[in-house]
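So you know, we letter chains A, B, ... as the sequences are listed, proteins then strands, and number each from 1. What you see below is based on every heavy atom in this structure, not just the backbone, and it leaves out hydrogens, waters and symmetry mates.
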Protein chains: 2
Amino acid sequence: MVEFRVDRSGGLPAYLQLVQQVREALRLGWLAPGDRLPTVREVVAASGVNPNTVLKAYRELELVGLVEARQGSGTYVKATLGTASPELMVELRAQLEKWVHGARQAGLEDEDIHALLGAVLAGDMKGKES
Amino acid sequence: MVEFRVDRSGGLPAYLQLVQQVREALRLGWLAPGDRLPTVREVVAASGVNPNTVLKAYRELELVGLVEARQGSGTYVKATLGTASPELMVELRAQLEKWVHGARQAGLEDEDIHALLGAVLAGDMKGKES
DNA sequence: CAAATTGTTCTAGTCAACTAAGACACTAGC
DNA sequence: GCTAGTGTCTTAGTTGACTAGAACAATTTG
């Protein structure tokens, strides 16, 4: 059962955090079509956000066709986002873990790591020009 | 000269995006103490946000001691965040680029990649339990 | 069938983010 | 000294995010 977290200090609206976490879970294969999301009340209990906020997130996900809400029953996953095979994901994850280990050894913190990935993905080879 | 972007669709407040971009630039070594940030008016022209919004970002950075604003002159970097040596960063970046290349071959998109890194950094080995 | 559980809707309010516009104070360069 | 460029501040307003509380409708469970 997937568990959601809402971090109030990062600036991203709570409902978008929930949306993002569902998308991530779909990406990583933690959620698949047919799975049931935590109920609105469960998310409320776990994260402390207002039910309307959870509903807003779930409604967004429903709008893009990723989930389907069934009143009286729950909210179910309808589609997936993951595209790579589980085996490849496992392999890529292992490689990444190794890389992260090296990065940690070099003293990198989370923010460094995210920044570096951002730069690599942006293909920004001209980062610093001064 | 670092260039800021503000993406209106991601949900993160504009001012926080600016703060984040400065932090990233510091992390990656693109900005160093003594460097001047783009002027408020430059950021306004480039990103279309209101001057007050840029000021809010710069003030946040000033509050945590990363930059220093000099009226009439500009806003200057005062401290850095990067901790690893440039050589190591180059090495880690090259490795990460290689990994990303493999991930792309496997069909991963940005969101997959970010999700995977998030999971690895969270050390969450129990992702899916159902 | 009744109770429990689920999603759903509504109203009213607060707060943060952001904008527009204008003007001020200070610095830098000529 | 003057001009241009810099950060700074103020006021007033809009919008989005989020909350609280209550109640409803539908489904599930015993």
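- Residues B/Gly11 and B/Gln71 each lie close to DNA chain D; by heavy-atom proximity, the contact nearer the 5' end of the strand is made by B/Gln71.
- A salt bridge links A/Arg27 with B/Glu111: the closest approach of a Lys/Arg side-chain nitrogen to an acidic carboxylate oxygen falls below 4.0 angstrom.
- Ionic pairing of B/Glu68 and B/Arg70 is present here: one or more N-O contacts between side-chain nitrogen and carboxylate oxygen are shorter than 4.0 angstrom.
- Using a cut-off of 4.0 Å between Lys/Arg side-chain N and Asp/Glu carboxylate O, B/Arg104 and B/Asp110 are scored as salt-bridged.
- Between A/Thr75 and the phosphate of C/dT6, there is no side-chain N or O to OP1/OP2 separation shorter than 4.0 Å.
- Distances shown here put a side-chain N or O of A/Lys56 below 4.0 Å from the OP1 or OP2 atom of D/dA17.
- Residues B/Ala69 and A/Leu12 both approach DNA chain D. Their nearest nucleotides, taken by heavy-atom distance, put B/Ala69 toward the 5′ side.
- No contact: B/Tyr58 has no heavy atom under 4.0 Å from any strand.
- In this structure, B/Leu92 and A/Trp99 have side chains that are in contact, with non-hydrogen atoms separated by less than 4.5 Å.
- Under 3.5 Å, the side chain of A/Asn52 and the base of C/dT8 form no donor-acceptor pair of N or O atoms.
- In this entry the distance linking CZ of A/Arg70 with P of D/dT29 reads 12 Å, nearest Å.
- Within the 4.0 angstrom heavy-atom criterion, base atoms lie near A/Arg41.
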